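Given the structure is predicted, the values throughout are model-derived calculations rather than measurements. Just follow the structure's listing: the first ligand is 1, and inside any ligand the first atom is 1. We're numbering straight along the sequence, starting at 1.
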Amino acid sequence: MIFGGKVKKTIRKAFEAFDIRGEFDCAKRCGNGNINNTYHITAREEGVLHNYIFQRINTSVFTEPDKLMHNLVRVVDHHRAALAKSGVEDLDKRVLKVFKTRSGEHFYTDSSGNCWRCHLFIDGKTHESLEDPEKLFNIAYAYGSFISNMEDFQDELHETIPNFHDGKFRLRQLEQAAIENRAGRLSSVQEWVDFVFENSSDLVSLQDKIETGIVPLRITHNDAKINNVILDKETGRPLCVIDLDTVMKGSVLFDFGDMIRSAANTVSEESPEQCCSASLDIKRFECLLEGFMQAGGDVLVSSEIEHINQAVRLLSLMIGTRFLTDYINGDVYFKIRWEDHNFTRALNNLHLYASIKRQSDHIDNLIRKYTPSCRLV
Ligand code: GN1
Ligand code: MG
């Protein structure tokens with residue numbers, strides 16, 4: 001979608017605040033984020049086109065954009081240095097290049113209080129759903145490499161969203177939403193609220209393991225969805241991991257689980273028609289497991305490997321719970337495009353969760369297949 005009028009004016013103003021090349025040409029909405037708004041902007045300079053990504057940060061969700069940008073810049077600098085050291089040449093395609101404003105900040109606040117950031121556009125392809133084994137492997141390889149690259153990261157990162165992947169917290173949020181029933185929708189979704197509570201041990205147990213130190217924390221991506229890896233348009237090789245807003249302390253299991261729930265589901269999270277048939281495609285699971293282990297397996301410790309299966313259950317149930325909670329609350333967190341959108345997303349992930357549970361033995365066998373025997377407990 002190309003914009004005119006007021007939106008264009010606002011974006012143009014944001015563009016002019018940044019220390020970047022070219023004269024503003026046009027802005028198109030892009031990406032499918034549930035939180036921030038993303039625009040592809042082209043600018044002209046003596047017949048040459050420059051391409052940028054502008055994002056309006058959702059400050060109801062990311063309440064401290066300065067801390068968010070602090071994290072982002074540290075993380076991209078670290079990745080850039082690591083890639084340069086290993087001889088990678090096309091660095092601007094392999095890691096986000098973040099621009100500053102003319103006054104030297106990493107984000108710009110406009111007159112309405114909106115926060116904007118800008119980075120170089122990477123010409124590649126992202127996917128919402130894939131069956132191609134090689135591309136799935138590549139996406140997982142990118143996330144495995146991300147974890148492995150962050151192993152020697154020394155800086156402290158801010159917690160951009162507290163309790164983000166804390167299953168106990170997400171359960172309490174659902175409980176609170178059900179008590180308040182603010183949008184009057186509870187009775188229509190009661191059976192699914194009951195479903196989450198019947199399965200609540202899967203929301204709680206990994207968090208217990210984290211709290212008792214059995215499962216370690218490290219720096220993780222925390223939004224390892226299928227569409228957050230840019231692949232090369234021609235070759236399908238992984239170029240760049242994007243959407244670094246929630247890179248902070250977490251468990252690698254969150255990333256693995258998020259990757260599986262978003263990339264091995266037979267139905268897209270956004271699909272209203274087939275959400276009841278959402279299920280785990282074990283073939284896609286295997287490609288993803290192989291790619292992730294190949295790139296990141298060496299840095300995983302036994303207690304992480306031991307809980308992979310649990311993590312796959314946790315992340316599908318947790319996001320299903322988050323969508324259900326938001327639906328009951330009247331859609332206050334995730335952007336929606338139709339009335340029952342959040343319920344669709346919840347149903348989709350809760351059906352996926354049920355399917356993951358049914359295939360637990362199969363999942364365990366595959367985890368054993370791709371884990372070096374010395375790491376199995
Ligand atoms: C949100 O906006 P997007 O798609 O990058 C959410 C993730 C969810 C995802 C569900 C900050 O991410 O946690 O997994 O939607 N991000 C935030 O598709 O809440
Ligand atoms: Mg995100």
Checklist line | Among Tyr333, Phe62, Phe334, closest by any non-hydrogen atom to atom 17 (C) of ligand 1 | finding: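 Comparing heavy atoms across Tyr333, Phe62, Phe334, the nearest one to atom 17 (C) of ligand 1 lies in Tyr333.
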
Check: Counting heavy atoms only, which of Ile319, Asp258, Asn348 comes nearest to atom 8 (C) of ligand 1?
Finding: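 Selected option, by shortest heavy-atom distance: Ile319.
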
Looking only at side-chain N and O atoms, does [Y] offer a donor or acceptor that is under 3.5 Å from a partner on [X]?
X: Asn265; Y: Asn348; result: yes
X: Asp245; Y: Thr160; result: no
X: Glu134; Y: Asn138; result: no
X: Gln310; Y: Arg313; result: no
X: Tyr370; Y: Gln294; result: no

Applying a heavy-atom cut-off of 4.0 Å, say which part of [X] lies close to ligand 1: side chain, backbone, both or neither.
X: Asp223; value: side chain
X: Glu269; value: side chain
X: Asn32; value: neither
X: Ile161; value: side chain
X: Asp243; value: side chain
X: Phe254; value: neither
X: Arg261; value: side chain

Notebook entry, point to check: Which protein N, O or S atoms does the Mg ion (ligand 2) have within a distance shorter than 2.8 Å?
Noted result: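 Short answer, with waters excluded from the count: Asp223 OD2, Asp243 OD2.
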
Item checked: Parallel, tilted or perpendicular: ring planes of Phe153 versus His78, cut at 30 and 60 degrees ->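 Judged by the thresholds at 30° and 60°, the geometry between Phe153 and His78 is perpendicular.
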
Margin query: Is the ring pair Tyr52/Phe54 parallel, tilted or perpendicular, if the boundaries are 30 and 60 degrees?
Written below: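 Judged by the thresholds at 30° and 60°, the geometry between Tyr52 and Phe54 is perpendicular.
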
Heavy atom of the protein closest to [atom] (residue, atom name, distance):
atom: atom 16 (N) of ligand 1; result: Ile35 CG1, 3.8 Å
atom: atom 2 (O) of ligand 1; result: Asn34 N, 2.7 Å
atom: atom 4 (O) of ligand 1; result: Lys225 NZ, 2.7 Å

Item checked: Result of checking Val215, Ile210, Ile214 against Thr212 for side-chain contact (heavy atoms from CB on, under 4.5 Å) ->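 Going through the options one by one, the only one that passes is Ile214.
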
Note to self: When you measure from the heavy atoms of Arg322 to every atom of ligand 1, does any distance fall below 4.0 Å?
What the structure shows: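 So Arg322 counts as touching ligand 1.
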
Checklist line | His165 near ligand 1 by a heavy-atom separation under 4.0 Å | finding: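 In this structure, His165 fails to qualify as a contact of ligand 1 - no heavy atom is under 4.0 Å.
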
Check: Considering only heavy atoms from C-beta outward, does the side chain of Ile41 approach that of Phe121 to under 4.5 Å?
Finding: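 Heavy-atom side-chain distance check fails, nothing below 4.5 Å.
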
Item checked: Check: His341 ring centre within less than 6.0 Å of Phe323 ring centre ->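 Not under 6.0 Å, so no.
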
Next item on the list: Might you point out which heavy atoms bring Ile328 and Leu186 nearest each other, and give the distance in Å?
Entry: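 Nearest pair, atom of Ile328 first, then Leu186: CD1-CD1, 4.1 Å.
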
Next item on the list: Could you list which atoms of ligand 1 come closer than 4.0 Å to a heavy atom of Gly33?
Entry: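 Under 4.0 Å from Gly33, ligand 1 has these atoms: 2 (O).
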
Next item on the list: For Phe18 and Phe99, run ring-ring contact (aromatic ring centres under 6.0 Å, His included): C-alpha distance rounded to whole Å, both residues' side-chain angles, the deciding distance at 0.1 Å, then the answer.
Entry: CA-CA 7 Å; Phe18 280 86; Phe99 292 104; 8.0 Å; no

Next item on the list: Report yes if Thr246 has an N/O atom closer than 3.5 Å to an N/O atom of ligand 1; otherwise report no.
Entry: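 No; every N/O pair is 3.5 Å or more apart.
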
Next item on the list: Take Asn71 and Arg74 through the test side chain to side chain donor-acceptor pair (under 3.5 Å) and record every step on the way to the result.
Entry: CA-CA 5 Å; Asn71 283 5; Arg74 295 297 172 291; over 6 Å; no

Give the table of side-chain donor-acceptor pairs shorter than 3.5 Å for residues 351-358, with sequence neighbours excluded, one pair per line with atom names and distance.
from, atom 1, to, atom 2, distance (Å)
Tyr353, OH, Asn199, OD1, 3.2
Tyr353, OH, Asp202, OD2, 2.6
Ser355, OG, Leu280, N, 2.8
Ser355, OG, Gln359, NE2, 3.1
Lys357, NZ, Asn199, OD1, 2.6

